[in-house]
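Reviewing the structure listed below.
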Amino acid sequence: MRYSIDIDRKWQKKWADTELYKFDENSDKKKLYCLEMFSYPSGANLHLGHWYNYSLTDSWSRMKRMQGFNVFHPMGFDAFGLPAENYAIKTGIHPKDSTMKNIETMEKQLREMGATFDWNYELATCTPEYYKWNQWFFIKLFEKGLAYRKNAPVNWCPSCNTVLANEQVVDGACERCGSEVIHKHMTQWFFKITDYAQELLDCIPDLDWPEKTKKIQTNWIGRSEGSQVALYVEKNGEELKDEDGNPVKLEVFTTRADTFMGCTYVVVAPESELCDKLTTDECREAVEEYKRQTSKVTDIDRMSTTREKTGVFTGSYAIHPLNGRKVPIWAADYVIAGYGTGVVMAVPSHDERDFEFAKKYGLEIIRVVQSAPGVDDELPYCEKSGVLVNSGEFDGLDMHEAIDAIVAKLNTMGMGEKKVNYRLRDWLISRQRYWGTPIPMIHCPECGVVPVPEEDLPVLLPYDVEFKPDGESPLAKCDSFINCKCPKCGGDAKRDPDTMDTFVDSSWYQFRYADNKNADKIFDKDKINKMCPVDKYVGGAEHASMHLLYARFFTKAMRDMGLLDFDEPFKSLVHQGVILGSDGQKMSKSKGNTVMPDDYIIKYGSDVFRTYLGFGFSYIDGGPWNDEGLQAIVKFIRRIERLTEDVAAAAPAKADPADGAAATASAKDLNYAVNYAIKAATADIDRFQFNTAIARMMELLNAIGKYQQTPDADPQVLRAAFEKLVLILSPFAPHFAEEIWETLGNGYSIFNEEWPEFDESALVLDTVEIAVQINGKIQFKINIPSDADQAAVEEIVKADARFDEALAGRNIVKFIYVKGRLANIVAK
RNA sequence: GGGGUUGUGGCGGAAUGGCAGACGCAGCAGACUCAAAAUCUGCCGACCAUAAAUCGUGUGGGUUCAAGUCCCACCAGCCCCACCA
């Protein structure tokens with residue numbers, strides 16, 4: 001037998017013909033839902049990242065299948081998105097055509113991987129059968145008040161006259177034409193994920209997720225406990241009032257209400273509506289100019305504490321509610337509209353950014369906190385401890401008491417309260433693009449915003465659309481799409497011209513898989529409760545904050561709508577690492593450092609490639625590509641091939657390595673090796689540590705080779721050990737293992753065999769070598785009975801002549817024995 | 001700027017706080033061979049002629065009987081930051 005791609009093809013055909021991996025919804029085995037993050041069909045070929053993620057997660061799920069789980073393992077495509085549209089703009093090939101073609105190619109390649117996907121459950125998000133339910137759910141969210149419209153900035157290229165994605169903005173310029181990108185405000189749809197901020201936070205500790213991912217989510221939600229305080233506004237010498245004649249209040253969130261008496265100015269985000277309202281006629285021109293400047297700066301740069309602060313006076317003043325001080329209101333870009341209330345109280349004496357700004361613009365600086373009474377610390381003094389000064393009735397209070405006292409006082413005036421703020425912002429889902437789910441809303445001049453009636457769904461994405469960028473959403477230019485009748489009044493109306501963020505598609509696909517052909521419902525509740533949540537979810541760590549949070553939000557919203565009965569979509573999560581180019585850089589076509597899996601598959605077969613991916617890297621860390629180690633697997637597979645011939649020649653009668661154990665010492669050694677390999681490999685595969693699992697298999701192969709060399713080797717014992725090796729290797733080399741199984745006359749299929757169990761008693765050795773240390777330094781090694789207790793070990797060690805020599809007359813202070821490992825003697 | 005993360009032989013990488021370098025790749029030596037390939041055996045962190053000893057997990061501190069592992073500071077690299085997916 002000689003393993004090659006032909007063997008891959010032989011078994012792929014047989015698996016397909018016999019529907020070996022067909023999922024049985026009615027099985028009474030325990031359900032296990034194993035899911036990899038689905039892929040975006042951008043290029044025509046599967047890249048190395050897909051292979052790394054999918055092939056090895058498939059190995060994991062193959063083991064689970066052999067362990068007796070009813071494994072649900074579907075695959076599909078995240079098929080809407082910007083790249084297909086960009087490709088279309090460049091080449092004229094319609095996104096639907098290129099996407100469908102890419103999906104076809106990728107499906108074929110995924111089959112060539114030899115994975116256990118059941119293609120009956122496939123889905124593609126760009127099909128009306130799928131996106132209909134995006135629209136349906138959008139309307140449900142709208143009905144619940146969880147979808148709403150507000151103004152938000154977009155990146156705008158004034159030259160191309162179009163909206164740009166962040167990735168299309170390179171150093172503040174349009175990637176196509178190089179013009180300077182500005183921020184433009186548009187009315188857009190948001191999902192109110194902030195309603196779930198607290199629950200999203202509360203459920204994190206119970207998730208079986210990587211700690212770092214939990215940390216990222218916790219920080220992303222960013223709960224902070226503080227206070228909201230308010231100031232009235234004076235504009236042109238008069239109190240500013242709203243349309244109803246009520247005084248306008250500037251609401252400010254702060255974690256440092258204790259410093260409120262030191263507030264000497266207030267800052268508003270320049271792009272906010274509030275800023276426009278506050279700006280006086282005299283200052284209008286300067287503010288407008290400043291807004292033009294800031295519209296070019298990214299949020300990340302704006303929040304940087306090292307960047308030089310800039311700002312401009314709005315002409316209005318805020319009135320401090322406690323001391324009546326009239327403080328100027330400035331517009332400055334270190335405050336961001338979408339963040340908190342978009343207004344900041346500035347206390348230059350106790351905040352670095354405020355201090356820098358105040359010094360630059362000559363604003364007043366008043367110390368209100370001292371580290372201890374009478375100590376004039378250098379300003380800004382930002383430590384979170386101290387006592388108050390220059391704060392009238394609050395002088396002398398500890399700053400923590402002062403927060404309570406000041407907020408309590410403000411509260412009696414209706415000007416402040418304790419408040420929890422979250423860094424998390426609502427999810428902006430409108431995209432001014434073609435290749436996505438149309439937003440199922442109608443804008444009627446009479447009735448306002450009206451949802452499309454459920455029976456009219458899906459709102460189909462039209463095929464013939466001009467999606468070249470020229471200033472409008474592509475759908476807005478498609479007359480047959482955009483013009484419609486209002487479902488309420490029947491009058492002429494227009495559809496929403498935007499499409500949804502593709503993260504909407506990927507926030508609930510994990511549920512649709514389980515009921516992917518349901519034409520009547522988003523999914524059947526009983527079915528989803530039975531099949532979901534996902535038991536093991538595997539994908540890139542780059543999704544730690546957004547995709548994974550959005551999917552959790554959708555699950556909770558669906559639960560509250562009664563669509564399903566659990567709280568979290570993904571019980572257990574693993575992130576595979578990133579395989580970089582051999583230059584240590586991220587792989588990209590432009591850098592020319594990509595690796596094509598197909599080249600290796602053709603040359604070595606998919607099993608060699610998969611096993612190498614498992615062996616050559618720490619799965620969770622990834623690392624630079626290097627195929628030198630591939631030889632390790634080539635040699636490993638060849639050795640097994642040769643052994644197969646030897647073993648197949650022996651009688652097929654089943655024997656256990658343990659049977660021979662009583663007979664010979666060599667058989668006993670082999671039996672130990674078999675059981676150790678099974679135990680360790682099983683545990684390692686379970687925790688996605690494939691490199692050490694395969695290392696244990698190599699050790700077992702070495703042990704089998706050694707046994708084979710012994711003169712008294714029993715062919716049946718050899719065969720039994722070899723079969724165990726093939727079984728535990730089978731998840732990584734499925735075609736190869738299937739071929740061996742057939743060669744051995746063991747029938748079809750090896751994947752219907754049970755995963756081998758190990759025998760703990762075979763792992764108990766009579767003696768064990770331990771290290772003897774004095775004060776932590778190794779002196780010598782010694783064999784002891786493996787069941788010896790500390791007293792017995794102490795006696796054995798003390799009786800050894802080497803011990804006296806090493807002790808050199810010192811006294812024994814303490815004797816520590818770590819079972820089966822070492823003895824450490826503390827000596828003085 | 002904020003958040004996350006990594007740092008171990010020539011290389012990929014192992015190591016529940018317990019003998020650092022498992023398992024391999026590459027390399028070196030030997031066996032087999034007319035020869036080569038393949039295969040098999042042995043060696044393979046530094047220092048050192050060799051052995052012993054000593055040193056050794058980015059740097060500097062600390063905790064501990066014991067630190068690659070835990071804590072603090074620093075250095076270097078990588079990833080993410082809300083319109084890429």
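Hydrogens, waters and symmetry mates play no part in the numbers below; they use all other heavy atoms, side chains included. Chain letters run A, B, ... following the sequence lines, proteins first, then strands; residues in each count from 1.
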What nucleic acid atoms does A/Lys777 come within less than 4.0 Å of, heavy atoms only: base, sugar-phosphate, or nothing? sugar-phosphate
A/Phe503 near the nucleic acid: base, sugar-phosphate alone, or nothing, with a heavy-atom cut-off under 4.0 Å? base
Taking atom P in both B/G24 and B/A73, what distance in whole Å separates the two? 41 Å
Base, sugar-phosphate or nothing for A/Val154? Non-hydrogen atoms, less than 4.0 Å. base
Does atom NZ (A/Lys706) have a neighbourhood of more than 12 heavy atoms from anything else shown, all under 6.0 Å? no
Between A/Phe617 and A/Phe690, does the ring centroid distance fall short of 6.0 Å? no
Given the ring of A/Trp220, does A/Arg423 sit roughly above its face, with NZ or CZ under 6.0 Å from the centre of the six-membered ring and within 45° of the axis? yes
Within the 4.0 Å heavy-atom criterion, would you say A/Arg423 contacts the bases, only the backbone, or no part of the nucleic acid? base
Are A/Phe38 and A/Phe77 an aromatic pair by the rule of ring centers under 6.0 Å? no
Quick one about A/Asp498 and A/Gln432 (side-chain donor to acceptor, distance below 3.5 Å, no hydrogens or angles considered), yes or no? yes
Between B/C70 and B/A53, how far apart are the two P atoms, rounded to whole Å? 30 Å
A/Tyr612 and A/Trp625 aromatic centres sub-6.0 Å: yes
Touch class at under 4.0 angstrom, heavy-atom based, for A/Arg642 against every strand present: sugar-phosphate
So what does A/Asp301 hit on the nucleic acid, given a heavy-atom distance under 4.0 Å: a base, only sugar-phosphate, or nothing? nothing
Check whether more than 12 heavy atoms from other residues, nucleotides or ligands sit under 6.0 Å from atom CG of A/Asp789, and answer yes or no. yes
If the C1' atom of B/U63 is compared with that of B/G17, how far apart are they to the nearest Å? 12 Å
Take atom NZ in A/Lys214; do more than 12 heavy atoms of anything else shown fall under 6.0 Å from it? yes
First encountered from the 5' end of RNA chain B, between A/Glu211 and A/Glu699: A/Glu211
With sugar-phosphate meaning primed atoms plus P, OP1 and OP2, does A/Ile216 contact a base, only sugar-phosphate, or nothing at under 4.0 Å between heavy atoms? sugar-phosphate
Please measure how far the P atom in B/A76 lies from the corresponding atom in B/A26, and state the result in whole Å. 36 Å
Reckon A/Arg639 touches a base, only the sugar-phosphate, or nothing at all at heavy-atom distances under 4.0 Å? sugar-phosphate
Taking the P atom in each of B/A46 and B/A22, what is the distance between them to the nearest angstrom? 14 Å
Give A/Glu769 one of three labels, base, sugar-phosphate or nothing, depending on what nucleic acid heavy atoms sit under 4.0 Å from its own. base
Work out how far the C1' atom of B/C23 is from that of B/U8, and round it to whole angstrom. 16 Å
Inter-nucleotide P distance (B/A15, B/U6), Å rounded: 14 Å
Applying a 4.0 Å non-hydrogen cut-off, can you work out what A/Gly49 is touching in the nucleic acid: base, sugar-phosphate, or nothing? nothing
Show me the dot-bracket string of RNA chain B, counting Watson-Crick or G-U pairs under 3.5 Å, with | for pairs to another strand and [ ] for crossing ones. (((((((..(((.....[....))).(((((.......))))).((.......))..(((((..]....))))))))))))....
Mind checking if A/Ser430 touches a base, just sugar-phosphate, or nothing, with heavy atoms under 4.0 Å? base
Any idea if B/G17 is syn or anti, going by the 90°-from-0 cut? anti
Flag the pair A/Tyr619 / A/Tyr52 as yes when their ring centroid distance falls below 6.0 Å, and as no otherwise. yes
A/Glu542 atom CD, neighbour heavy-atom count above 12 within 6.0 Å: yes
How would you label the contact of A/Phe636 with the nucleic acid (heavy atoms, under 4.0 Å): base, sugar-phosphate, or nothing? nothing
Verify the ring-centre separation between A/Trp427 and A/Phe503: is it less than 6.0 angstrom? no
Where chain A begins and ends its contact with RNA chain B, read 5' to 3' at 4.0 Å from heavy atoms: B/G1 to B/A85
Taking the nucleotide of RNA chain B with the nearest heavy atom to each, does A/Gln779 or A/Gln631 sit closer to the 5' end? A/Gln631
Please work out if A/His547 contacts a base, only the sugar-phosphate, or nothing of the nucleic acid, heavy-atom cut-off 4.0 Å. nothing
Sugar-phosphate, base or nothing in reach of A/Glu352, heavy atoms under 4.0 Å: nothing
Taking only the P atom of each, what is the distance from B/U41 to B/C25 in whole angstrom? 12 Å
